[in-house]
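To start, the structure itself, in structure tokens.
Remember, it's 1-based here, ligands and their atoms both numbered in the order they're listed. Count residues from 1 along the sequence. Hydrogens, waters and symmetry mates are skipped; everything else that's a heavy atom, side chains included, is used.
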Amino acid sequence: MIDYHVHTSLCNHATGTMEQYVRAAVVRGIATICFLDHLTFQEAGRNNAMFPREVPMYVNEARRLERYYREQISVRVGLEIDFSPRHVDRCIEIVNTFDLDVVGSSVHFLEGEDVVTRHSAWARGEISPDEVYPKYIGVLESMLDYDYFDVICHLDLPKKYNQRPSLTAIKGFLGVLEKIREKDLTVELNTSGFHYPVKEAFPSPELLGRCVQLQIPVVVGSDAHTPETVGRDFDRARDLLIEAGYRHLTGFSHRQREAVPLQ
Ligand SMILES: [Zn+2]
Ligand SMILES: [Zn+2]
């Protein structure tokens with residue numbers, strides 16, 4: 001199995017050195033681990049992501065680990081970049097400057113507010129889903145006007161605290177998937193959702209089923225914020241993918257997609 005979404009202590013809300021994540025993955029028999037730590041230009045997220053000046057050290061350390069552990073595991077490196085319409089130029093500059101294997105894009109902020117922390121008004125149930133989902137889907141749609149990333153991370157993230165999308169919102173997500181297909185991008189199956197109140201991976205089985213129909217490639221990530229959670233619930237992910245109709249996964253090397261057996 002592969003794990004294409006792990007964090008590190010660099011983002012200030014995860015624990016463990018990069019090497020500890022690699023060792024944990026080796027112990028679990030994971031074939032490829034890819035760092036996808038947070039980078040954000042959102043003001044409100046500054047303390048929850050690495051600084052842009054830390055990116056060179058992060059990439060160098062991943063490449064050192066790649067060489068050191070190459071007999072045991074493939075180590076890859078990418079970034080999970082928050083979509084921030086005002087900072088797209090800086091994102092593109094970073095993506096073009098470093099030798100990354102993959103670039104993930106995610107939406108954690110709506111109008112500058114982090115909607116996915118447990119301290120948010122959304123998490124406390126103080127904002128209506130009819131307000132949050134259309135905004136979130138609107139941001140995803142504008143994100144898809146850009147081309148600097150490869151993977152859409154945790155597509156239906158706002159359901160995290162168990163405020164599920166309405167039928168209208170699901171239709172919105174289906175429209176987003178059409179656009180993802182047109183742009184030939186990859187969707188992430190993120191198993192962290194099993195451990196939030198929603199108790200379901202991102203995206204939902206329904207959206208994953210549509211991904212198969214549209215032949216959208218899928219990559220798997222645990223979104224581990226501790227070495228202990230690398231590869232967590234991948235047996236469930238495998239079952240979901242097989243049930244949805246997937247027969248192989250997608251990995252990335254130097255921004256090129258590569259097929260990975262689903263085993
Ligand atoms: Zn995080
Ligand atoms: Zn994320």
Side-chain angles (χ1 to χ4, degrees), residues 3-18 20-21 24 33-52 54-55 58 62 77-84 87 91 94-95 100 102-110 112-120 122-123 132-133 135-137 139-140 143-144 148-161 173 176 180 185-198 200-204 207 218-233 237 252:
D3 190 341
Y4 264 75
H5 192 157
V6 305
H7 292 277
T8 77
S9 56
L10 272 176
C11 69
N12 303 316
H13 64 279
T15 55
T17 63
M18 295 173 78
Q20 285 172 325
Y21 282 84
I33 183 173
C34 181
F35 292 101
L36 204 72
D37 211 358
H38 296 283
L39 183 75
T40 188
F41 292 99
Q42 300 268 0
E43 287 293 303
R46 241 190 345 217
N47 296 326
N48 278 319
M50 74 177 83
F51 291 108
E54 292 175 307
V55 177
Y58 164 74
V77 62
L79 288 166
E80 178 185 7
I81 305 183
D82 264 306
F83 176 59
S84 176
H87 301 100
C91 297
I94 285 197
V95 161
L100 299 170
V102 61
V103 177
S105 192
S106 55
V107 176
H108 300 109
F109 296 86
L110 296 179
E113 285 283 316
D114 186 342
V115 284
V116 288
T117 123
R118 60 181 188 281
H119 311 295
S120 64
W122 169 242
V132 164
Y133 277 101
K135 270 191 203 167
Y136 177 82
I137 289 164
V139 177
L140 279 183
M143 178 178 101
L144 289 167
Y148 61 88
F149 50 86
D150 311 297
V151 174
I152 318 302
C153 299
H154 43 59
L155 180 76
D156 53 353
L157 184 64
K159 73 181 181 186
K160 182 172 174 181
Y161 297 102
F173 281 119
V176 166
I180 288 173
L185 291 165
T186 298
V187 162
E188 172 195 72
L189 179 65
N190 183 310
T191 57
S192 71
F194 287 125
H195 299 272
Y196 293 121
V198 70
E200 178 180 278
F202 307 106
S204 65
L207 295 178
V218 166
V219 64
V220 176
S222 64
D223 214 341
H225 283 68
T226 62
E228 295 72 42
T229 47
V230 171
R232 185 165 61 167
D233 277 326
F252 292 86

Heavy atoms from other residues, nucleotides or ligands near CD of Gln42 exceed 12 (cutoff 6.0 Å):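 Yes - once you tally the heavy atoms of other residues, nucleotides and ligands closer than 6.0 Å, there are more than 12.
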Between [X] and [Y], does any side-chain donor sit less than 3.5 Å from a side-chain acceptor?
X	Y	value
Ser84	Asp82	no
His5	Asp223	yes
His38	His13	yes

With the Zn ion (ligand 1) as the apex, the NE2/NE2 angle for His13 and His225 - to 10°: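 Centred on the Zn ion (ligand 1), the NE2/NE2 angle is 100° (to 10°).
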Heteroatoms of the protein, restricted to N/O/S, which lie under 2.8 Å from the Zn ion (ligand 2):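 Result, waters dropped: Glu80 OE2, His108 NE2, His154 NE2.
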Side chain to side chain, Ser204 and Lys159, heavy atoms closer than 4.5 Å: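 Yes, close enough: below the 4.5 Å cut-off.
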Within-4.5 Å side-chain heavy-atom neighbours: Val151 and Tyr4: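 Sidechains of Tyr4 and Val151: no contact.
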